[in-house]
Amino acid sequence: MPIATTQPPPPSVLQSFMESIAAPIEWFGGLCLFAAQAIRECFQRPFEWTEILRQTYQIGWQSAPLIVLSGLAVGSVLSMHTRATLERFGAESMIPTALAFALVKETGPLVTGLLISGRVGAGIGAELGGMRVTEQIDALESLAVNSFHYLVATRVLACVVALPLLTVLMNFSGLLGGFFAEATISGMSFPYYFHAAFGSLAFSDFIPPTAKTMVFGFLIGTTSAYLGYNASGGAEGVGRASTQSVVLSSIFLIVVNVVLVKFIAFLFPVGGA
Amino acid sequence: METTKKLIVGIFVGACLLLFGIGLFLIGNNIQLFTKSFDAYTDFAKITGIQNGSKVRVAGMDAGTVTRIDVPARPEDKFRVHLRIVEKLHPIVRQDSIASIQTDGLLGNKFLQIDAGTSSAQLAQNGARLPSTEPFDWGDLIDQVNGVVKKVNVILEEVKAPVLLAVAQIEAAAHSADKLIKHATPEVNGILASANKISANLNEIIDGVQEGQGAVGALFKDKEMAASLHRSVDNVQEATVDVKKVVKKVEDSDIVPEVQKAVKNLQHITAQVKDAVEKFQSDAGEGGVGENLQRTLADAHEAMSDLSDNTEALKHNFFFRGFFKRRGFYDLGALTAPEYQKPSFGKGFKKHPIWLTTTELFQTDAKGLETLSPAGKTKLDAAMTEILQLPRNGPLMIEGYSGTGVPSQQYLTGRRRAARVQMYLIERFHLRPAYVGIIALSAAKEGVGIVSYYK
């Protein structure tokens, strides 16, 4: 006599669809709560100055060569493209101005954010993911150490501090690269170049775009730390966390940049964003 | 964490902050934030793109920024633009420095241009108002052009009707002129025929004179003269005086070359009149109808002038003057008022005067000119009916009277009135123009007198 078995019924199509939608929303909700906790932890004592400085050293200083080299290259390329365009109108003298506007207002902050999300986001995701899968975070917790405060808040703060500094570095190295390109082609003098470059800039062209990179730093630090801090699945999970850190932080950065540009234009209507 | 890393982080952060500070300084220096400056303001009805932070240039040199723009409270008020200008350019910013809104290049930003003032004007003080000129706006220009085009359209519409009317009048005038020319051509041909006839007659006279025939008086229809000549010849023949001497005397007299010269002139005149008439009749003349007409009239005038001189000479010649003396006048057109009023004028003729007042004859048109009224023409017709009953062997004199104004005005008005009546009578009753004369006379009365002389 056969024995009757009771198996759960297969999920319906609607159920499967709802689950597929609910998963990313759930993930995004977790990220938001993680970000809120990160903000809260950043302002809670004790401040881990040594760890913050260490992370700043790694995120900021060790990224400086990449930023400077990228800035020189981007500045040169922008200068050449700008020349090719303005030359048609006989407006070569406006090349420094156009280059400064392009670099300071948008290209510098965005390229810096993308470069850091690639270099630092991957690093944070991999480092925290590795610590999670090797149970180092659990060990810290067992020692009554607030792992979130120690590992996540310090990295997010370091990103928030380092991004504007690296953006300034990117802007100046980009202007320098543009000058090298322009001096080579047209023999433009250094004083004239920088006078013309900053001649048409206003504070609203310089400060808000630089300041918005703190938001970029927060996004990179939070997203990467969230993915690493919640990693699972051994080495594969670490790799996945590292990759997703770069991809998602870059996407968030670009999308949020749109909102920030509009927000800055709203706050500083004269200079625009 | 090692001290080196801390040092490196410190240097990195410090260096980046320094670069940030340099950027701020360069921008601040560019907008004259750290230089001594003074404030001024100016007013514009339109600010066309000027905004807070826009550049201010004094005589083309970067000199500051627009610090604030006050929006007008009422539509008729202006925007007040506050400026900050560097102190080093203060000496050339005077009270007569004019502010204007300019564009940096073809596509550049708007900026505020302040012209250097004049030495005679005082320095613009801190917070002073600078005079301004409104910016050039293509939109305004297009609006103005549209306005002008509309006005032109309106004017054209207004002018169209008068212009069309004028064109129609010109066309009508040209048509009338054409008709006049065609109408005048037979008359000119008639003149030519008459001239030919005169020429032939004169030739005949001269031939007779050269032949010494005694029918000269008869030829001229002057019986008295002919009889006189007959008697002279008879006396000569009877007295058996040397006929040859008489003939020779006639032949040697000045009359022959004079008459020959007159004939030559007449032939020349005839040829000229013929040419003139031919050109006059041709529409395809060298310079067009107008020029031909003008030239023809000039030639005809010259010819008629010559003819007049010659015939006048003839009239006073011994052989002809008797006729004119008996007629009572040589030329009514050349008659003056004193000559007319002499008792000698019309001696031997009876006079039949008819008096017509100005009121009976004339009406005044819109331009204030006197023209014959229909009633006046009727009166003239009645008067001529009376005159035509009389023998027509003497002159008909039209006396124009006027007592208004100075003597010259009286003369002109009187002559004009007489001329109107003369033209009407000649045209209406086909009178011989040579026998109808006009004369202007001053008197305390207004009107026209028609005096018929007859025997």
Minimum-distance pair of heavy atoms, taken over all atoms of B/G23 and A/F198: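 Reported closest heavy-atom pair: CA-CE2, 3.9 Å.
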Nearest non-hydrogen partners of B/L24 and A/F203, listed with the distance: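 So the two residues come closest at O-CE2, 3.2 Å.
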May I ask you to check whether over 12 heavy atoms, not counting those of [X], lie within 6.0 Å of atom [atom1]?
X      : atom1 : value
B/E171 : CD    : no
B/Q122 : CD    : no
A/M188 : CE    : yes
A/F263 : CZ    : no

Separation of B/I8 CD1 from A/L53 CG (nearest 0.5 Å):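 Here the rounded value is 12.0 Å.
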Residues from residues 161-178 of chain A approaching chain B under 4.5 Å (heavy atoms):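 Listed by number: A/L165, A/L166, A/V168, A/L169, A/F172.
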Pairing residues for A/F194 by the ring-ring contact (aromatic ring centres under 6.0 Å, His included) criterion, not counting sequence neighbours: A/F190
B/F20 and A/F206 aromatic ring geometry - parallel, tilted or perpendicular at 30°/60° bounds: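 A/F206 and B/F20: parallel rings.
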Contacting moiety of B/I11, where chain A heavy atoms sit under 4.5 Å: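 When you check distances to chain A, no heavy atom of B/I11 falls under 4.5 Å.
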